[in-house]
2 protein chains.
Amino acid sequence: MAAGQGSATEMTRALDAAAARCLRSGAQLTELRRQVLALVLETDQPLGAYALLDKLKAQRPGAAPPTVYRALDFLLEQGLIHKVERLNAFIGCVEAGHDHGHGHDHAHEHGHQFLICGGCGATIELSDHAVAHALADAARRVGFQLRKTTVEAEGFCAACLASGAGAAAGAPA
Amino acid sequence: MAAGQGSATEMTRALDAAAARCLRSGAQLTELRRQVLALVLETDQPLGAYALLDKLKAQRPGAAPPTVYRALDFLLEQGLIHKVERLNAFIGCVEAGHDHGHGHDHAHEHGHQFLICGGCGATIELSDHAVAHALADAARRVGFQLRKTTVEAEGFCAACLASGAGAAAGAPA
DNA sequence: TCAGGTTCGGTTACTATATAACGCAGGTGC
DNA sequence: GCACCTGCGTTATATAGTAACCGAACCTGA
């Protein structure tokens with residue numbers, strides 16, 4: 001359960017695509033980085049750095065905080081994962097799987113958004129251009145040059161609303 | 001310098017307005033909360049909880065982490081300050097000053113956005129409806145009920161771009 | 001006037017998140 | 001060989017945030 005990648009094969013394919021993408025940008029997806037990426041991808045929910053560290057220790061007993069943080073920094077730079085600021089946690093980038101020729105240049109991020117369900121903890125990644133454009137417009141209007149955007153929201157997902165989990169908090173009985 | 005409120009008088013007026021607003025919502029702006037709010041307001045840049053704690057200790061020698069965090073939680077609930085997630089820091093809410101009759105209900109947040117300058121650290125608060133609406137639309141489209149949104153961006157402010165601080169990072173020579 | 005609640009905040013201890021600084025191993029180029 | 005770079009192990013520490021317990025102040029109702 002909680003598998004972001006359905007099968008080992010799929011995972012391998014995703015990791016290889018990531019490796020290829022790194023190479024194209026002159027970076028190297030080393031064994032450590034590949035392990036950390038695999039751990040992030042195999043959980044489709046955001047994973048804290050220390051939760052990740054615990055998992056990593058199974059494969060790499062000597063692992064310490066800098067071990068994971070360095071790998072995470074690399075993966076963030078490569079756009080292979082995202083950080084969910086509200087949770088101080090990391091999650092695979094949905095875009096990273098599809099290998100469109102140029103990758104995205106992490107300077108030309110099209111923007112992404114996270115919706116975090118307070119009921120079940122599910123985190124949904126959107127890639128809504130209207131949101132990205134509205135923010136870009138607002139920034140341009142005050143002469144601000146965007147480099148990286150963080151758009152996150154907390155609330156209730158459709159499933160939790162349907163099952164009434166949102167009712168208690170959203171509409172008091 | 002770095003005064004969000006131009007004068008002591010202005011600050012007092014802002015604090016009194018905040019107190020009035022708290023009363024209306026059945027809450028109390030105690031001396032501690034008032035001190036913490038004043039410290040946040042007198043710095044127009046985001047302030048970390050521990051930086052705040054240091055300042056607070058001048059007035060309240062026994063202050064400890066829970067002292068500030070409890071006050072900050074209260075001020076956040078009242079909508080008097082915001083948390084900048086990317087910085088784990090707190091900043092006064094620009095809206096809180098103007099005392100429009102009903103306050104805003106912190107359930108009906110109209111949404112706000114922060115633009116954080118990587119050059120000078122300035123943090124600009126926007127209140128752009130287009131951004132808020134775009135996000136609300138995107139959420140509704142996937143059946144997600146928003147409760148609280150976090151929209152933050154890092155980049156370069158107009159002043160830093162003009163003085164060339166952004167050139168190095170934004171447009172390689 | 002006293003028991004019972006509530007809010008507020010002091011205090012101690014702790015957990016969680018993140019980074020600094022040092023150093024070494026392996027590759028690359030001269 | 002020597003200088004340089006990247007990657008990472010290792011130790012220590014900084015920063016951020018909470019849990020739990022306690023007592024003071026203040027209500028309230030009997």
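The chains referred to below are lettered A, B, ... by the order of the sequence lines, with proteins before strands, and numbering in each begins at 1.
Distance NZ (B/Lys57) to P (C/dG10): 13 Å, rounded to an integer number of Å. The separation between B/Leu47 atom CG and D/dA16 atom P is 10 Å, rounded to whole Å. Rounded to whole Å, the distance from CD on A/Gln59 to P on D/dC8 is 14 Å. C/dT17 atom P lies 18 Å from atom CZ of B/Arg86, rounded to whole Å. Atom pair B/Leu72:CG and C/dG9:P shows a separation of 12 Å (rounding to whole Å applied). Atom CG in A/Leu23 sits roughly 16 Å away from atom P in D/dT6 (whole-Å rounding). As a whole-Å value, the separation of A/Glu77 CD from D/dT6 P is 12 Å. Across the protein-nucleic acid pair, B/Leu53 atom CG and D/dT15 atom P stand 12 Å apart, rounded to whole Å.
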(request) Kindly indicate, with the supporting measurements, whether the criterion side chain to side chain donor-acceptor pair (under 3.5 Å) is fulfilled by A/Arg60 and A/Gln35. (result) CA-CA 9 Å; A/Arg60 201 172 270 258; A/Gln35 286 173 342; 3.0 Å; yes

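Close to C/dT19, at under 4.0 Å from its OP1 or OP2, lies no side-chain N or O of A/Tyr69. Distances shown here put a side-chain N or O of A/Asn88 below 4.0 Å from the OP1 or OP2 atom of C/dA18. Not one side-chain nitrogen or oxygen of A/Lys83 sits closer than 4.0 Å to the OP1 or OP2 atom of C/dT17. Taking 4.0 angstrom as the limit, B/Thr30 places a side-chain polar atom (N or O) nearer than this to OP1 or OP2 of C/dG9. Residue B/Thr67 places at least one side-chain N or O closer than 4.0 Å to OP1 or OP2 of C/dG10.
Each of C/dA18, D/dT18, D/dG9 was ranked by its minimum atom distance to the side chain of B/Pro65; first place goes to D/dT18.
Between A/Asp137 and A/Arg140, at least one side-chain nitrogen of the basic residue sits less than 4.0 Å from a carboxylate oxygen of the acidic one, meeting the salt-bridge criterion. Using a 4.0 Å cut-off between charged nitrogen and carboxylate oxygen, A/Arg21 and A/Asp16 do not count as a salt-bridge pair.
With DNA chain C read from its 5' end, the first of the two nearest nucleotides for B/Arg33 and B/Ala64 is the one closest to B/Arg33. Nearer the 5' end of DNA chain D, as judged by each residue's closest nucleotide, is the contact made by A/Phe74, out of A/Phe74 and A/Pro66.
No hydrogens or angles were tested; on distance alone, a donor-acceptor pair under 3.5 Å links the side chain of A/Arg70 to the base of D/dG9.
The two atoms that bring B/Gln113 and B/Asp128 nearest to each other are OE1-N, 2.8 Å, heavy atoms only.
A side-chain donor-acceptor contact under 3.5 Å links A/Ser25 and A/Gln78.
Ring stacking holds between A/Tyr50 and C/dT17, with the centres under 5.5 Å apart and the planes within 30 degrees of each other.
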